[in-house]
Amino acid sequence: MKRLLIIGGVAGGASTAARARRLSEDAEIIMFERGEYVSFANCGLPYHISGEIAQRSALLLQTPESFKARFNVDVRVQHEVVAIDASAKTVSVKDLLNNQIYQESYDALVLSPGAAPVVPPISGLDNPLTFSLRNLPDMDRIMAVLAQRKPAHATVVGGGFIGLEMVEALQHIGIKVTLLELSNQVMMPVDLEMANMLHQELLDKGVELKLNCGLQAVEQDGAELNLSLSTGEQLKTELLITAIGVKPEIRLAVDAGLAIGELGGIVVDEQMRTSDPAIFAVGDAIEETDLLTGEKVLIPLAGPANRQGRIAADNIFGHEQSYNKTQGTAICRVFDLAVASTGLSEKRLLKLNIPYDKVYVHGASHASYFPGAHPVSLKLLYSTEDGKILGAQAVGRDGIDKRIDVLAVAIRAGLTVYDMQEMELTYAPPFGSAKDVLNQAGFVASNALKGLSRLCHTQEIDAVNEQQILLDVRNPGELAKMGAIEGALNIPVDQLRDRLSELPKDKEILVFCYVGLRGHVAYRMLVNAGFKAKNLTGGLKTYQMVKARY
């Protein structure tokens with residue numbers, strides 16, 4: 001009989017405990033949680049603040065009593081493990097209700113301490129009107145202030161997942177919100193041009209967005225906070241939410257002598273073992289391996305934590321399993337838009353010096369002729385060596401999750417852009433298109449790799465030289481309505497065949513339409529007539545996304 005101790009609940013710890021019991025009815029399993037709640041939906045916290053999740057109880061996935069009844073796990077909430085003696089295989093536990101410390105022995109130990117919000121060294125940040133959001137007590141404190149003080153204005157620091165979700169939640173309940181983001185974009189897992197669609201959505205919904213703007217100091221003045229910003233501005237607010245990131249909780253691991261990686265997370269092998277063979281670690285506290293690059297990464301997501309907990313339990317009870325790396329698939333709602341990504345971003349590809357190219361496709365969530373279709377903007381990144389899919393990002397109102405989910409599976413399976421052409425996806429007018437956005441992206445990328453299409457990007461349009469001309473093949477009315485690129489010649493694609501004589505054959509023609517489809521038709525027409533040409537992938541819409549400044 002094994003004695004398994006688990007430090008921390010929520011995603012990683014709770015999944016370890018449940019899997020362990022399914023594998024062994026005889027094992028003694030004890031789970032320690034220093035908070036009041038052992039298993040709760042922390043991803044749902046902002047949506048209870050907004051009122052979309054009406055009942056607080058809906059966030060409680062398991063209680064100590066339900067865990068005991070179903071899994072026969074001894075769950076001890078408000079019990080903090082304060083030390084690990086790896087040589088003696090014991091832990092010291094503090095009962096937070098009576099301040100008593102006692103010891104428990106283990107055969108196997110699982111660390112699932114999670115990650116803590118980053119608290120920057122900002123003067124005045126420790127005040128009763130400033131909060132982070134990690135757990136139910138944090139949410140309760142925020143909601144208490146909202147009910148008692150009824151603030152008219154709030155400021156959120158950090159444009160990541162939690163920051164954006166809190167902006168939406170606060171705006172949803174009628175509070176004016178300012179969002180401060182130190183970098184030039186929100187949602188760092190995606191590239192700037194995709195984030196620009198989110199910037200516009202935030203502004204359209206009345207959010208005051210301040211990019212390239214950091215918080216430098218906070219001073220409380222009664223019911224208000226005076227914020228000093230890195231731009232030199234002063235901002236008055238009544239509630240401050242800090243959401244600038246999280247860092248692995250590693251104090252116990254450090255004190256126990258476990259190996260810590262360069263990124264500050266606990267080092268584990270593929271079986272989730274730490275440097276001590278009797279101690280395992282899962283979730284936000286560990287360093288994981290990137291599926292595509294092999295480099296170490298920190299991925300604080302619930303999906304990987306759940307899988308890691310299951311794998312740790314398998315290995316503890318003799319069912320050898322390996323964790324097959326992480327690709328960081330994620331999605332976030334920003335008011336009426338969803339943004340999702342999987343695999344590598346262009347920023348990371350450039351940093352890692354990996355050969356790649358990219359295509360943009362702007363399609364519809366389902367058949368455009370069926371009511372309710374919404375635009376879907378997809379960015380696909382792929383290897384120029386073999387067409388292997390390296391990453392993808394998508395933004396839109398509907399159907400974003402299913403496109404990125406399909407590509408997440410495709411990346412995991414090692415598929416290429418050629419395979420995307422053959423993807424057989426569900427089609428009926430209310431749900432999709434006969435040629436889905438994913439098929440279209442596969443066609444564009446495959447044509448480029450095969451030499452059937454030469455693509456250009458925004459940088460080349462901006463750097464057009466004397467040996468090139470710009471050709472806009474949209475209809476004249478679109479130029480005034482949707483914008484134009486200065487210096488471009490306009491010949492509608494349906495007139496192009498009869499007006500080829502107006503174009504010089506001694507210059508390269510950079511052709512574009514609004515989203516790229518008519519541009520490709522024009523490109524093929526031109527090259528078949530002996531012209532040298534390139535097509536702007538994603539058309540003017542992508543060009544405008546890249547050039548937008550907020």
Can you tell me if CG on Leu146 sees more than 12 non-hydrogen neighbours from other groups inside 6.0 Å?
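Counting other residues, nucleotides and ligands, CG of Leu146 exceeds 12 neighbours.
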Is it true that atom NZ of Lys435 has more than 12 heavy atoms of other residues, nucleotides or ligands lying nearer than 6.0 Å?
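12 or below, so no.
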Side-chain contact, heavy-atom cut-off 4.5 Å: His172 with Tyr47?
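Side-chain contact under 4.5 Å: no.
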Can you confirm whether Gln220 sits close enough to Leu129 that some side-chain heavy atom of one is under 4.5 Å from a side-chain heavy atom of the other?
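Yes. Closest side-chain heavy atoms under 4.5 Å.
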Looking at every non-hydrogen atom in both residues, tell me the closest pair between Ile400 and Val395 and how far apart they are.
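Heavy atoms of Ile400 and Val395 come nearest at CD1-C, 3.3 Å.
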Do you know the tightest heavy-atom contact between Ala392 and Leu378?
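Heavy atoms only, the tightest pair is CB-CD1, 4.5 Å.
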Residue from Leu179, Val334, Leu170 passing side-chain contact (heavy atoms from CB on, under 4.5 Å) with Val207
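The option that passes is Leu179.
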Check whether any side-chain heavy atom of Val359 sits under 4.5 Å from a side-chain heavy atom of Tyr382, and report yes or no.
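Sidechains of Tyr382 and Val359: in contact.
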Between Lys402 and Asp405, does at least one N-O distance fall below 4.0 Å, as a salt bridge requires?
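Salt bridge between Lys402 and Asp405, a charged N being under 4.0 Å from a carboxylate O: no.
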Pair Leu60-Tyr37, side chain to side chain contact (heavy atoms under 4.5 Å, CB included): steps then yes or no
CA-CA 8 Å; Leu60 296 172; Tyr37 308 97; 3.4 Å; yes
Looking at every heavy atom in both Cys456 and Leu510, which two are closest together, and how far apart are they?
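Cys456 and Leu510 have their closest heavy atoms at SG-CD2, 4.4 Å.
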Is there a side chain to side chain contact (heavy atoms under 4.5 Å, CB included) between Leu45 and Ile162 once you walk through the steps?
CA-CA 9 Å; Leu45 301 179; Ile162 295 174; over 6 Å; no
Looking at every heavy atom in both Ile389 and Ala410, which two are closest together, and how far apart are they?
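Answer, listing the atom of Ile389 first, then Ala410: CD1-CB, 3.9 Å.
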Whether the Gln327 and Thr342 side chains hold a donor-acceptor pair (N or O, under 3.5 Å, no angle test) is what I'd like checked.
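Note: Gln327 and Thr342 side chains meet the donor-acceptor criterion.
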Any sub-3.5 Å donor-acceptor pair from Gln171's side-chain atoms to Lys205's backbone N or O?
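Yes, because the side chain of Gln171 sits within donor-acceptor range (under 3.5 Å) of the backbone of Lys205.
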Would you please test Leu59 and Met139 for side chain to side chain contact (heavy atoms under 4.5 Å, CB included) and show each step?
CA-CA 11 Å; Leu59 300 172; Met139 180 192 74; 3.7 Å; yes
Could you check whether any side-chain heavy atom of Asn127 comes within less than 4.5 Å of a side-chain heavy atom of Val218, counting everything from C-beta outward?
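Yes, close enough: below the 4.5 Å cut-off.
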Indicate yes or no: at least one non-hydrogen side-chain atom of Pro430 is less than 4.5 angstrom from one of His366.
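No. Closest side-chain heavy atoms not under 4.5 Å.
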Answer yes or no: is there a donor N or O on one side and an acceptor on the other, between the side chain of Arg34 and the main chain of Ile7, under 3.5 Å?
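Absent.
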Donor-acceptor contact below 3.5 Å, side chain Glu238 vs main chain Ala152
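Checked: pair present.
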So how far is it from Asp138 CG to Asn42 CG, rounded to the nearest 0.5 Å?
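Between atom CG of Asp138 and atom CG of Asn42 there are 10.5 Å.
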Without swapping roles, check the side chain of Gln308 against the backbone of Gly283 for a donor-acceptor pair under 3.5 Å.
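At least one qualifying donor-acceptor pair exists.
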Distance from Ile175 atom CD1 to Lys150 atom NZ, nearest 0.5 Å?
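Going from CD1 on Ile175 over to NZ on Lys150, the span is 10.5 Å.
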What do the steps show when you test Arg348 against Asp290 for salt bridge (Lys or Arg N to Asp or Glu O under 4.0 Å), and what is the final call?
CA-CA 12 Å; Arg348 286 188 64 199; Asp290 187 280; 3.2 Å; yes
Does Glu36 use its side chain to pair, donor to acceptor, with the backbone of Gln78 at less than 3.5 Å?
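Here the side-chain-to-backbone pair does not exist.
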Inter-residue atom distance Leu203.CG - Leu198.CG, 0.5 Å rounding:
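Between Leu203 CG and Leu198 CG, I get 11.0 Å after rounding to 0.5 Å.
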Between the side chains of Glu288 and Arg307, is the shortest nitrogen-to-carboxylate-oxygen separation below 4.0 Å, so that they form an ion pair?
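No.
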Judged by atom type as modelled, is there a donor-acceptor pair below 3.5 Å linking the side chain of Asn196 to the main-chain atoms of Met545?
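Pair found, side chain donor or acceptor close to backbone of Met545.
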Test item: side-chain donor near acceptor, Ser183 and Gln185, under 3.5 Å:
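No, because no side-chain N or O of Ser183 sits under 3.5 Å from a partner of the opposite role on Gln185.
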Using a 6.0 Å cut-off, check whether atom CD of Glu233 has over 12 heavy atoms from anything other than its own residue.
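For Glu233, atom CD is crowded (more than 12 foreign heavy atoms under 6.0 Å).
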Flag, side chain of Thr130 to backbone of Asp126, donor-acceptor distance under 3.5 Å
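Side chain of Thr130 to backbone of Asp126: no pair is present.
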So which atom in Glu346 and which in Glu193 form the shortest heavy-atom distance, rounded to 0.1 Å?
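Heavy-atom minimum between the residues: OE1-OE2, 4.2 Å.
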Determine whether Asp472 and Ile485 make a side-chain contact, defined as any pair of heavy atoms from C-beta on separated by less than 4.5 Å.
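No; the side chains remain at least 4.5 Å from each other.
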Rounded to the nearest 0.5 Å, what separation is found between the CG atom of Leu215 and the OG1 atom of Thr242?
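So the gap between those two atoms works out to 9.0 Å.
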Atom NE2 of His48 and atom CD1 of Ile53: how far apart are they, to the nearest 0.5 Å?
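Rounded to the nearest 0.5 Å, the NE2-CD1 separation comes to 8.5 Å.
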What is the distance from atom OG1 of Thr542 to atom NZ of Lys379, rounded to the nearest 0.5 Å?
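Here the rounded value is 9.5 Å.
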Under the criterion salt bridge (Lys or Arg N to Asp or Glu O under 4.0 Å), I'd like the reasoning laid out for Glu52 against Arg333: C-alpha separation, chi angles, the key distance, then a yes or no.
CA-CA 13 Å; Glu52 290 182 86; Arg333 192 184 74 185; 2.6 Å; yes
Show your working on side chain to side chain contact (heavy atoms under 4.5 Å, CB included) between Ser230 and Gln216 and close with a plain yes or no.
CA-CA 6 Å; Ser230 60; Gln216 290 193 325; 3.9 Å; yes
Do Val268 and Glu287 have side chains that get closer than 4.5 Å, going by heavy atoms?
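Sidechains of Glu287 and Val268: no contact.
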Any side-chain to backbone donor/acceptor pair from Asp191 onto Lys347? Under 3.5 Å, distance only.
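Present.
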Using side-chain heavy atoms (C-beta onward) and a distance below 4.5 Å, is Leu202 in contact with Leu164?
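A side-chain contact under 4.5 Å exists here.
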Answer yes or no: is there a donor N or O on one side and an acceptor on the other, between the side chain of Asn535 and the main chain of Gly516, under 3.5 Å?
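A pair under 3.5 Å: yes.
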For the residue pair Ser341 / Gln393, report whether a side-chain donor-acceptor contact shorter than 3.5 Å exists.
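No donor-acceptor contact under 3.5 Å links the two side chains.
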The test is salt bridge (Lys or Arg N to Asp or Glu O under 4.0 Å); show your working for Lys547 and Glu486 and say whether it passes.
CA-CA 13 Å; Lys547 300 293 288 183; Glu486 186 177 353; over 6 Å; no
Using 30° and 60° as the class boundaries, would you call the ring planes of His362 and Tyr360 parallel, tilted or perpendicular?
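Geometry flag for Tyr360 against His362: parallel rings.
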Could you go through Glu295 and Thr289, starting from their C-alpha distance and side-chain angles, then the distance that decides it, and tell me whether this counts as side-chain hydrogen bond (donor to acceptor under 3.5 Å, both in side chains)?
CA-CA 6 Å; Glu295 65 178 345; Thr289 302; over 6 Å; no
Between Lys541 (side chain only) and Cys513 (backbone N and O only), is there a donor and an acceptor less than 3.5 Å apart?
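Checking the backbone N and O of Cys513 against the side chain of Lys541, no donor-acceptor pair under 3.5 Å is found.
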Check the surroundings of atom NZ in Lys296: do more than 12 heavy atoms from other residues, nucleotides or ligands lie under 6.0 Å from it?
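Enclosed.
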For a quick test of reading the model, state the closest non-hydrogen atom pair linking Ile260 to Val267 and the distance between them.
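Scanning both residues completely, I find the closest heavy atoms to be C-CG2, 3.7 Å.
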